[in-house]
Every structure is written in C-alpha cells, then in structure tokens.
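Here it is: the structure, laid out below.
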Amino acid sequence: MANRRAPATESTVRDWDDADPSGQTYSRVLFLDSDLTEVANTGGVFEECVFRGVRFNASTHTDAAFVNCTFARCSFFDTTFTRCKLMGSTFDDCTYNLLEADGGDWSFTSLPGEDLRGAELAGVKLREADLTGVRAAKASLRNVDLSGAMLQRADFTGADLRGSDLTSLDPLTVQLRDAIIDLPQAMAIAQALGLEVRP
C-alpha cells in the first residue's frame with residue numbers, strides 16, 4: 001500500500017471519452033474509471049491529480065508531467081513514457097506489463113511493493129524513490145539513477161541493472177540472483193559486503 005495521502009481533488013471526471021490531454025493542464029482532478037487506451041499525450045500536465053481504476057493501456061506520453069499525482073488500481077499495459085516527469089507521484093496496486101520508460105524524472109515517487117516484473121526503464125531518474133519491496137524480477141533498469149532510493153526487500157532476480165546507480169543498495173536486504181550488472185557495480189556490491197577488492 002502507498003504510504004502517502006492522495007491529494008485533495010476539486011473536480012471529478014468519469015468516462016473520459018475521446019481524451020486528448022496534449023498541451024493541456026489539469027490540477028487536482030479525480031479521474032475515475034476512465035479509459036485512456038491508445039491515447040497519445042504530448043506535453044500534457046497533471047498536477048496533484050488522482051487516477052483510480054484508469055486504463056492507460058497502449059498509451060504514449062511524451063514530454064508530459066504527472067507531478068504529485070496518485071495512481072490507484074490503474075493499468076499500464078504496454079504504456080510508454082518518454083522524457084516524462086512523475087516527481088512525487090504515488091502508485092498503489094497498479095499493473096505494469098510491458099511498460100516502458102525512456103528518460104524523464106521519477107524522483108521521490110512511491111512504488112512500495114509494486115509488481116514491475118518485465119518493465120523496461122532506461123535513463124530514468126528515480127532519486128530517493130520508495131521502491132521498498134518492489135518486485136522487479138527480469139525487469140530492465142538500465143542507466144537508472146537510484147541514488148538515495150529505498151530498496152529494502154526489493155526483488156531484482158534476473159533483472160538487467162547495468163549502468164544504474166546502486167550506491168543505495170544493500171546486497172543483504174535485496175534479491176539479486178541472476179541479475180546482470182557491470183564491473184563497477186560488481187566492485188561496489190563487493191565493497192558493500194565488506195570485501196576488499198584488489199587488482
């Protein structure tokens with residue numbers, strides 16, 4: 001469960017047919033059980049909005065912003081985020097099958113216990129994000145900034161972590177079996193385990 005309170009909303013949108021948020025700004029709106037399947041959102045801005053039961057399936061979001069938003073029981077099947085800002089947003093009981101994120105700032109997001117198995121994130125900033133207990137087996141987290149992130153009990157079994165900042169990772173509290181890492185990461189993990197690395 002997310003550990004942050006959802007922002008107070010001032011209006012409600014249901015059944016948002018023919019949605020085109022591109023270039024629009026929405027503040028403190030509750031989107032309830034809406035279908036945003038295959039929406040192409042370029043530059044849309046959502047501030048302190050709440051999405052409950054919203055289907056983002058096969059949608060694309062480019063240079064868009066979801067700042068301090070809450071996503072509850074949403075579906076992100078085959079959703080693509082490109083250079084998007086999701087700072088401070090909270091995710092609770094969502095599905096992420098085939099989700100892709102390329103670039104963008106997801107710092108301070110909250111995804112505790114979420115199931116990111118198979119998701120692909122590349123070049124995303126996840127600074128000080130809450131990834132406690134996240135399930136990311138076989139996910140691809142390439143060149144992701146995880147500095148200051150909470151990673152306790154995270155499952156990265158078989159995940160591709162190459163190029164990512166793992167300085168916040170305690171190898172004794174996460175699952176790393178079969179994970180793919182690069183040589184600098186291997187040295188950092190060895191040192192975190194108290195090993196002395198020598199040439």
> Between R83 and D102, is there a salt bridge with N-O shorter than 4.0 Å?
Replying inline: no
> Side-chain donor-acceptor pair under 3.5 Å between S107 and D105, yes or no?
Replying inline: yes
> How long is the gap from CZ on R28 to CG on N68, to the nearest 0.5 Å?
Replying inline: 10.0 Å
> Should D92 and R73 count as side-chain neighbours, where that means a heavy-atom distance under 4.5 Å?
Replying inline: no
> Closest heavy-atom contact between P171 and A192?
Replying inline: CD-CB, 3.8 Å
>> I need the C74 SG to D93 CG distance, nearest 0.5 Å.
In response: 10.0 Å
> Under a 4.5 Å cut-off applied to non-hydrogen side-chain atoms, are L166 and L146 in contact?
Replying inline: yes
> In Å and rounded to the nearest 0.5 Å, what is the CG to CZ distance from D115 to R135?
Replying inline: 4.0 Å
>> Checking E100 against E120 for the side-chain contact (heavy atoms from CB on, under 4.5 Å) test, could you report, in this order, the C-alpha distance in whole Å, the side-chain angles of both residues, the deciding distance, and whether it holds?
In response: CA-CA 5 Å; E100 295 184 15; E120 296 186 11; 4.2 Å; yes
> Is E48 reaching over with its side chain to a backbone N or O of V67, donor-acceptor style, under 3.5 angstrom?
Replying inline: no
> So if you build clusters from Ile, Leu, Val, Met, Phe, Trp, Tyr with side-chain heavy-atom gaps below 4.5 Å, do V45 and L86 land together?
Replying inline: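 They do not share one cluster, since no chain of ILVMFWY contacts under 4.5 Å joins V45 to L86.
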> Between A40 and D20, what is the shortest heavy-atom contact and its length?
Replying inline: O-OD1, 4.1 Å
> side-chain contact (heavy atoms from CB on, under 4.5 Å) between T60 and T82: does it pass, once the steps are laid out?
Replying inline: CA-CA 8 Å; T60 60; T82 304; over 6 Å; no
> How are the rings of F46 and F66 set relative to one another: parallel (under 30°), tilted (30 to 60°) or perpendicular (over 60°)?
Replying inline: parallel
>> In terms of relative ring orientation, are F71 and F51 parallel, tilted or perpendicular, with 30° and 60° separating the classes?
In response: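 Plane angle under 30°, so parallel.
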> Rounded to the nearest 0.5 Å, how far does OG of S147 lie from NZ of K125?
Replying inline: 9.5 Å
> Which atom names give the shortest non-hydrogen contact between D182 and G163, and what distance separates them?
Replying inline: OD2-N, 3.0 Å
> Should we count CD of Q191 as having more than 12 external heavy atoms under 6.0 Å?
Replying inline: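 Yes - once you tally the heavy atoms of other residues, nucleotides and ligands closer than 6.0 Å, there are more than 12.
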> With a 4.5 Å limit on heavy-atom distance, are the side chains of T79 and H61 in contact?
Replying inline: yes
>> Other residues, nucleotides and ligands only: do more than 12 of their heavy atoms fall within 6.0 Å of CG on L183?
In response: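 For L183, atom CG is not crowded (no more than 12 foreign heavy atoms under 6.0 Å).
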>> Testing the basics here: between R162 and I181, what is the closest heavy-atom pair and its distance to 0.1 Å?
In response: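 Closest approach of R162 to I181, heavy atoms only: CG-C, 3.7 Å.
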> What is the minimum heavy-atom distance between A129 and W106, and which atoms define it?
Replying inline: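 Looking at all heavy atoms of both residues, the closest pair is CB-O, 4.4 Å.
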>> Could you walk me through whether D155 and L176 satisfy the side-chain contact (heavy atoms from CB on, under 4.5 Å) test, starting with their C-alpha distance in whole Å, then the side-chain angles of each, then the deciding distance to 0.1 Å, before giving a yes or no?
In response: CA-CA 7 Å; D155 183 0; L176 287 171; over 6 Å; no
> Do E114 and Y96 have side-chain N/O donor and acceptor atoms under 3.5 Å apart?
Replying inline: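 A pair is found: one side chain offers a donor N or O, the other an acceptor, under 3.5 Å apart.
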> Between CG of L161 and CD1 of I180, what distance do you get to the nearest 0.5 Å?
Replying inline: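 If we round to the nearest 0.5 Å, L161:CG and I180:CD1 are 8.5 Å apart.
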> With a 4.5 Å heavy-atom cut-off, do T62 and F81 have their side chains touching?
Replying inline: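 The answer is no; the side chains never approach within 4.5 Å.
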> Under the 3.5 angstrom rule, does the side chain of S164 hit a backbone N or O of V144 as a donor-acceptor pair?
Replying inline: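 The answer is yes, because a donor-acceptor pair under 3.5 Å joins these two groups.
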> Would a distance-only check, ignoring hydrogens and angles, find a side-chain to backbone donor-acceptor pair under 3.5 Å from T109 to S89?
Replying inline: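 Not at all, since once roles are kept as given, no pair shorter than 3.5 Å links the two residues.
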> F77 and F56: aromatic ring centres closer than 6.0 Å?
Replying inline: no
> What pair of heavy atoms forms the shortest contact from L193 to L172, and how long is it?
Replying inline: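 The pair with the smallest heavy-atom distance is CD2-CD2, 3.7 Å.
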>> Checking the side chain of S168 only, and the main-chain atoms of G148 only, is there a donor and an acceptor separated by less than 3.5 Å?
In response: yes
>> So, taking the atom named CZ in F156 and the one named CG in L131, what distance separates them when rounded to the nearest 0.5 Å?
In response: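 These two atoms lie 6.5 Å from each other.
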>> Less than 4.5 Å apart, side chain to side chain, heavy atoms only: is that true for L30 and S11?
In response: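 Contact flag for L30/S11 side chains = no.
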>> Assess the residue pair D160 and R142 against the criterion (side-chain contact (heavy atoms from CB on, under 4.5 Å)); give the C-alpha distance rounded to whole Å, side-chain angles, the decisive distance to 0.1 Å, and a yes or no.
In response: CA-CA 7 Å; D160 189 347; R142 297 289 305 274; 3.1 Å; yes
> Between D145 and R127, is there a salt bridge with N-O shorter than 4.0 Å?
Replying inline: yes
>> Using side-chain heavy atoms (C-beta onward) and a distance below 4.5 Å, is Q152 in contact with V174?
In response: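 The answer is no; the side chains never approach within 4.5 Å.
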> Is there side-chain contact between L111 and T90, with heavy atoms separated by less than 4.5 Å?
Replying inline: no
> Hey, does the side chain of S34 reach the backbone of F31 with a donor-acceptor pair shorter than 3.5 angstrom?
Replying inline: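 Judged by distance alone, no pair lies under 3.5 Å.
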